[in-house]
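What follows is a short report on a single structure.
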Number of protein chains: 2
Amino acid sequence: MDTGPKIAQVAALIGDPARANMLSALMDGRTLTASELAYVSGVAPQTASGHLAKLNDAGLLALAKQGRRRYFRLASPHVARVLEGLMVVAQDGPARQRNLWRGGETLRHARTCYDHMAGRIAVAIADRLVRQSHILLDEDGGQLTDAGRSFFDEFGVDLRLASKRRVFCRPCLDWSERRPHLAGALGAAILRHALEHDWVEHVRDSRALVVTPLGVRGLATTFGIEGAPPTDGRRAGCVTVPRLGSGHPG
Amino acid sequence: MDTGPKIAQVAALIGDPARANMLSALMDGRTLTASELAYVSGVAPQTASGHLAKLNDAGLLALAKQGRRRYFRLASPHVARVLEGLMVVAQDGPARQRNLWRGGETLRHARTCYDHMAGRIAVAIADRLVRQSHILLDEDGGQLTDAGRSFFDEFGVDLRLASKRRVFCRPCLDWSERRPHLAGALGAAILRHALEHDWVEHVRDSRALVVTPLGVRGLATTFGIEGAPPTDGRRAGCVTVPRLGSGHPG
DNA sequence: GAAACACTACGATCTTGGCCGAAGTATTCG
DNA sequence: CGAATACTTCGGCCAAGATCGTAGTGTTTC
């Protein structure tokens with residue numbers, strides 16, 4: 001009858017650091033083995049095995065056996081949404097230590113967020129699309145305009161594939177930028193396009209994406225986004241987002 | 001750098017039954033005192049005090065002092081979204097014990113979900129609006145049609161108020177019905193309308209809503225939903241949702 | 001068949017944190 | 001003022017569960 005205990009059970013499951021690390025590592029939709037998950041979560045394989053069993057029993061993970069190894073992935077997009085949501089509240093929660101997030105510069109710049117792109121780059125893309133009136137976007141929903149439809153046709157993104165089961169366009173609050181980027185089928189299509197054209201590449205064992213030289217050019221000509229990928233060293237955050245008409249901070 | 005620990009901290013906070021009960025009780029946007037929250041969570045006031053301090057420190061709750069009592073509410077809609085999400089995965093998680101949810105019949109029937117309506121009634125309303133082509137709705141987004149706009153004008157729902165900051169229309173997966181109901185500004189407007197016209201009433205210390213006789217008539221004439229509110233006894237679930245063209249289960 | 005590998009089951013240890021009784025601050029009321 | 005109310009702090013008790021060593025099962029490789 002009471003809903004509290006139910007959500008507590010799930011939340012407690014996510015609430016262990018080792019398990020949270022596992023889930024985080026799976027957030028971009030990859031499937032990883034038990035050993036890999038043990039490694040990323042920083043515990044011994046025996047411990048990881050127990051955690052994975054719990055997550056699997058609770059329906060948070062899906063399991064595929066293949067020979068002597070077990071491949072795990074998030075059981076559903078719902079799980080990914082919860083994790084995204086937790087990141088958001090984890091970020092804006094303790095007001096005092098907001099934005100003292102040095103490190104993870106690569107992640108801040110570009111990363112996957114389940115099946116779409118996140119980070120500075122993704123927010124810049126969303127901003128640009130809004131500014132050009134290709135999409136309408138706010139905190140709760142989004143919509144592709146006619147102008148946007150022809151833009152993406154020209155751009156070469158296949159919108160038909162995705163149109164069946166999902167809405168094109170929804171916002172997803174970016175926990176590093178604290179502004180929405182583009183999710184939904186359209187967001188996924190853009191990431192797919194970027195990967196297929198070698199604009200960005202996955203970083204192994206991470207959700208981070210690196211922007212290739214090809215990508216720098218592509219992003220500039222297509223979205224008017226100037227800037228090189230961060231060198232992972234001191235000079236971080238060197239992407240220049242074009243000034244917005246309405247005075248948003250970058 | 002790693003995001004795991006951060007989300008683990010928040011999740012662990014929600015992961016305690018007492019705290020989860022508190023948060024659940026606040027999900028409809030009410031503000032409750034520390035004592036009330038102690039009561040609903042089933043712990044002693046001292047214990048509740050500690051929990052509330054933690055939730056407040058973490059930024060999940062907002063606090064307003066007034067005289068000798070403290071009023072708490074959810075700090076942001078983001079928190080509510082996370083809780084909604086947790087309910088969803090808590091429901092579809094353990095596949096074996098799905099749907100053995102006897103009890104809480106009133107909640108299943110109609111309840112608040114943050115600022116809009118949820119439960120059988122809410123799902124039926126959403127279904128009707130979709131069937132009449134007043135809205136477009138799927139798992140990821142929604143949209144009000146022109147026909148819908150005039151329908152709500154006639155209906156007497158004020159859409160201008162909400163149109164500034166939020167999209168009218170977004171889906172919210174109903175964790176008892178496992179199908180989307182209507183959220184966003186439009187969902188909120190419908191709940192407001194229903195409350196103002198005494199179609200439904202809050203149940204004290206609960207998120208449940210009871211449908212008044214007036215409401216039964218109103219829902220029937222406006223949305224074509226037939227059925228009396230459940231009597232809270234044996235004969236539960238006596239609402240009859242009109243057959244859907246596309247063969248959805250009720 | 002033996003060895004290496006991926007993973008799981010069990011058991012002992014140890015830390016974390018929820019819990020409430022008792023006592024201590026504010027605030028309101030008579 | 002003193003009593004009642006609303007809430008917080010402190011301290012000790014206790015249970016839940018995270019951890020890893022050891023020892024197992026099943027699978028692949030040589």
Side-chain angles (χ1 to χ4, degrees), chain A residues 2 4-26 30-58 60-73 93-94 205, chain B residues 2 4-26 30-58 60-73 93-94 205:
Chain A
D2 210 353
K6 283 176 180 290
I7 79 170
Q9 232 174 314
V10 177
L13 232 39
I14 308 176
D16 176 79
R19 288 192 294 255
N21 278 327
M22 293 173 172
L23 293 167
S24 280
L26 294 167
R30 285 181 302 176
T31 77
L32 297 176
T33 67
S35 309
E36 289 171 319
L37 289 166
Y39 177 75
V40 300
S41 62
V43 295
Q46 315 90 297
T47 309
S49 179
H51 286 316
L52 290 169
K54 285 180 188 175
L55 291 171
N56 191 45
D57 288 351
L60 296 190
L61 294 184
L63 167 61
K65 307 184 186 187
Q66 209 175 105
R68 59 185 165 185
R69 50 189 93 184
R70 320 244 134 149
Y71 290 92
F72 292 90
R73 61 182 168 76
D205 287 331
Chain B
D2 210 354
K6 283 174 180 292
I7 78 171
Q9 232 173 315
V10 178
L13 232 39
I14 308 176
D16 175 78
R19 288 192 294 255
N21 278 326
M22 293 173 171
L23 293 167
S24 278
L26 294 169
R30 285 181 302 177
T31 78
L32 298 176
T33 67
S35 310
E36 290 170 319
L37 288 166
Y39 177 77
V40 300
S41 62
V43 294
Q46 316 91 295
T47 308
S49 178
H51 286 316
L52 290 168
K54 286 181 188 176
L55 291 171
N56 190 47
D57 288 350
L60 297 189
L61 295 184
L63 165 62
K65 307 183 185 187
Q66 207 173 105
R68 60 183 164 185
R69 52 187 91 183
R70 320 241 135 151
Y71 290 93
F72 292 91
R73 61 180 167 78
D205 285 332

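Each chain gets a letter, A, B and so on, in the order its sequence line appears, and its residues count up from 1.
Atom-to-atom, CG of B:L55 to P of C:dG17 comes out at 14 Å; the value is rounded to the nearest Å. Look at OH on B:Y71: it is 13 Å from C1' on D:dT5, rounded to the nearest Å. In this entry the distance linking CG of A:L52 with P of C:dA9 reads 12 Å, nearest Å. The distance from atom CD of B:Q9 to atom C1' of C:dG17 is 14 Å, rounded to the nearest whole Å. Atom-to-atom, CZ of B:R70 to P of D:dT5 comes out at 19 Å; the value is rounded to the nearest Å. One can place CG of B:L63 at 16 Å from P of D:dA6, the figure rounded to the nearest angstrom. Computed from coordinates, the A:E36 CD to C:dC5 C1' distance equals 14 Å when rounded to whole Å. The CG-P distance, from B:N21 to C:dC19, rounds to 10 Å in whole Å.
Closest of all the heavy-atom pairs between A:V40 and A:N21 is O-CB, 4.0 Å. Contact between B:A25 and B:R30 at its shortest, heavy atoms only, is O-NH2, 3.3 Å. Residue B:L37 comes nearest to B:S41 through the heavy atom pair O-OG, 2.8 Å, listed as atom of the first residue, atom of the second, then distance. Contact record, B:L26 with B:F72: CD2-O, 3.5 Å, taken as the closest heavy-atom pair. The heavy-atom pair separating B:A20 from A:A8 by the smallest distance is CB-CB, 3.6 Å. Taking all atoms of both residues into account, the shortest heavy-atom contact from B:A38 to B:P45 is CB-CA, 4.1 Å.
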B/S/- along nucleotides 16-22 of chain D (protein heavy atoms under 4.0 Å) is --SSBBB
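Using a distance-only test at 3.5 Å, with no hydrogens or angles considered, a donor-acceptor pair links the side chain of B:R19 to the main chain of B:L13.
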Anything under 3.5 Å between a protein N or O and an N or O of nucleotides 25-30 of chain C, put it in a table, one pair a line.
{"from": "C:dT27", "atom 1": "O2", "to": "B:R68", "atom 2": "NH1", "distance (Å)": "3.4"}

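Taken to the nearest 0.5 Å, the CG atom of A:L61 stands 11.5 Å off from the OG1 atom of A:T31.
By the side-chain contact (heavy atoms from CB on, under 4.5 Å) test, A:A44 pairs with A:Q46, A:T47, sequence neighbours left out.
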